[in-house]
Amino acid sequence: MKKMKSWILGLGLLVSNVAFGQTIQDGLHFLDRHQPSRAKQVFESLVASAPTGENYYFLGYYHLNLRDWDNAKAAFEKGKAADPKNYLNQVGLASILVGQNNVSAAKVEFDRIIKETKEKNPDVLHRIAEAYEMFYVLGKEDSFNANNNDPGEAIRLIDLIQEKTKKVPNAAQYIVKGDAFLIKNDGGNAVTAYEQALLQDPRNVKAKVKIGIVYLRGKNYKETQARYKEAIDLDSNYAPAHRRYGEYLIVGNQYKNAARYFRKYLEKAEATPEVTLETAKLLFLSKDYEGAMKFTDEADKKGVKDNDIYRMRGYANVEMGNFQQGIENLDGMVKKGVKPYFMDDLYFGKGYQGLGKDSIALLYLERAAPLDTNNNVYSLIHDVRYKQKRYADAAKAGLGSIDWKKKKNQTVGSGDFFKVAMDYYLTSAYMDRADTLGRPAMAMKADSMFAKAIEINDKWPPFYINRARANNFIDYTGTKWLGAPYYEKFLAAVEQQKAEKSTQYKEDKNQLFEALKFLGGYHLSVTKDEAKVKELFTKAQEIKPDDPDIKAYFNPAPAVPAAAPKK
């Protein structure tokens, strides 16, 4: 009996040692590294061994991070019952309201808790501040983040910790402050807060990754890369660093390399159904469409409960050229009553475009264009309209494409203006010559767009010859020779391309002939410079010896003698 008691006592000590060997910090460590099952195991074992208010709070906090509101609420209520004097579980219950986009209701509870703890409980202040920023997702649409954050209050509460306790905030608290500044798009103060976290904990890999995020948003790509590499060198098992580095590589169009880092992310993180699907989405962004399909199928087999399964299959199939299959996947999603997303219209449009059903494609593309902030759908609409020879509609879409780029702070190139210029020019070309108001007016629109293209790139010959042609339409009487200066610039640009031994420009003999003949006619009619006329017509005749007008110039018909008057 004595031996039995000793055995039971020993077993109890063994169980206690296993539990005490795991700490709240261990659970947070796993949660931060996107290993939720290991985090859950730690928090559940802590509650099993010691059902304290604090342990229940962190079990609820685990569920809170996964947006599992019901289980979070259950844990917080048990914690509140276990230790009514521990305010953390009350903070947790109010935090659920923030996650459910009801920050105003949560604030009433938070203010009560802060008042009852006399603004002196640093843990309470920390977790309330965190609740005000933890549900905001960078890059998500405004409707998602509409009422789930209050970054100003988060910053105030972290500052209040030092003011009331006279203690410098710890690394985790500074990261909360940095995240709040990031929501406010205040990159300078965000970096300062993250650097303060590194002063508290120089090996804080999370802070390094966060600084990289700030630099990426500020388009400081050199510093972005440096910070992400530092993070990976410091802790190569930190999954979020691999994911963020992959996102940085996508911005630089390094798609294959990005896909490699996204796969590493899945190796380091826990391959839950949700993470597997998330990796499929990341691989899709890196243009690894086969990988996206593979991981989408894996997530489906693992039982993921996410309607994006349909989307990923639809989108990836369209990108791989399986247009009919992609449309069928998207149709299946619609039939299931899945809430529509603007990119659905984009991929329906691309799918039907791939099947050659341009009219149906345009219905979807035009619906997607005003909403899609990730893709320049107006550019796709332009190309379809141009193919249909609906040049006025193509011009409208081309201008929409330029406006989209400007709003996204993307470079508008000479080619963007040239496209619209050609749309206006061709619209003018197909108008009735008798329309001496509308036709020249449309050609003038083309001329202004050619001018903008030339302003960006004054070396490209096609800009000049097409501008000359547009001016010929403006000069509907054919008496002002408005195209002359642009034909001259065209010939000069061609010579410059030859001198620079350009491999991009392919000389077009027909265009050369057009310019030489027009300028010869100009000097014949306007300047009366006979030497210039001969020079130009001689060069033109070398290209087209049988042109009747130039032959007539060099070989004028003999004058017919006047008939003798009748007697």
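Here the structure is a predicted model, which is why all the values come from computation and not from measurement.
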Side chains of [X] and [Y]: is there a donor and an acceptor less than 3.5 Å apart?
X: Asn317; Y: Asn322; answer: yes
X: Arg469; Y: Asn472; answer: no
X: His242; Y: Tyr228; answer: no
X: Asp344; Y: Tyr315; answer: yes
X: Tyr215; Y: Gln225; answer: no

(request) Please confirm whether Lys357 makes a cation-pi placement over Tyr352, using NZ or CZ under 6.0 Å from the six-membered ring centre and within 45° of the ring normal. (result) no

(message) Is the terminal nitrogen or CZ of Lys264 (NZ for Lys, CZ for Arg) located under 6.0 angstrom from the six-membered ring centre of Tyr261 and within 45° of that ring's axis?
(response)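 That pair qualifies as a cation-pi contact.
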
(message) So which atom in Ile543 and which in Lys509 form the shortest heavy-atom distance, rounded to 0.1 Å?
(response)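 Taking every non-hydrogen atom into account, CG2-O, 3.7 Å.
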
(message) Going by side-chain hydrogen bond (donor to acceptor under 3.5 Å, both in side chains), name the residues that satisfy it together with Ser104, two or more places apart in sequence or in a different chain.
(response)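 Result, side-chain hydrogen bond (donor to acceptor under 3.5 Å, both in side chains) vs Ser104: Asn102.
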
More than 12 foreign heavy atoms under 6.0 Å from [atom1] of [X]: is that the case here?
X: Lys408; atom1: NZ; value: yes
X: Met444; atom1: CE; value: no
X: Tyr476; atom1: OH; value: no
X: Lys302; atom1: NZ; value: yes

Any Lys/Arg nitrogen of [X] or [Y] sitting under 4.0 Å from an Asp/Glu carboxylate oxygen of the other?
X: Arg311; Y: Asp308; result: yes
X: Asp432; Y: Arg439; result: no
X: Asp297; Y: Arg313; result: yes
X: Asp547; Y: Lys544; result: no
X: Arg243; Y: Glu247; result: yes

Less than 6.0 angstrom separating the ring centers of [X] and [Y], yes or no?
X: Tyr425; Y: Phe473; answer: yes
X: Tyr487; Y: Tyr464; answer: no
X: Phe418; Y: Trp460; answer: no

(request) Evaluate the criterion side chain to side chain contact (heavy atoms under 4.5 Å, CB included) for residue pair Asn149 and Tyr132; output intermediate values, then yes/no. (result) CA-CA 5 Å; Asn149 65 91; Tyr132 277 128; 6.0 Å; no

(message) Quick check for you: to the nearest 0.5 Å, what is the distance between Phe262 atom CZ and Tyr245 atom OH?
(response)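 That separation rounds to 12.0 Å.
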
(message) Check the orientation of Tyr386 and His382. Use parallel for under 30°, tilted for 30 to 60°, and perpendicular for over 60°.
(response)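 Tyr386 and His382: parallel rings.
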
(message) Before you tell me yes or no, could you show the steps for Asp179 and Tyr136 under side-chain hydrogen bond (donor to acceptor under 3.5 Å, both in side chains), namely the whole-Å CA-CA distance, both residues' side-chain angles and the distance that decides it to 0.1 Å?
(response) CA-CA 9 Å; Asp179 289 350; Tyr136 185 97; over 6 Å; no

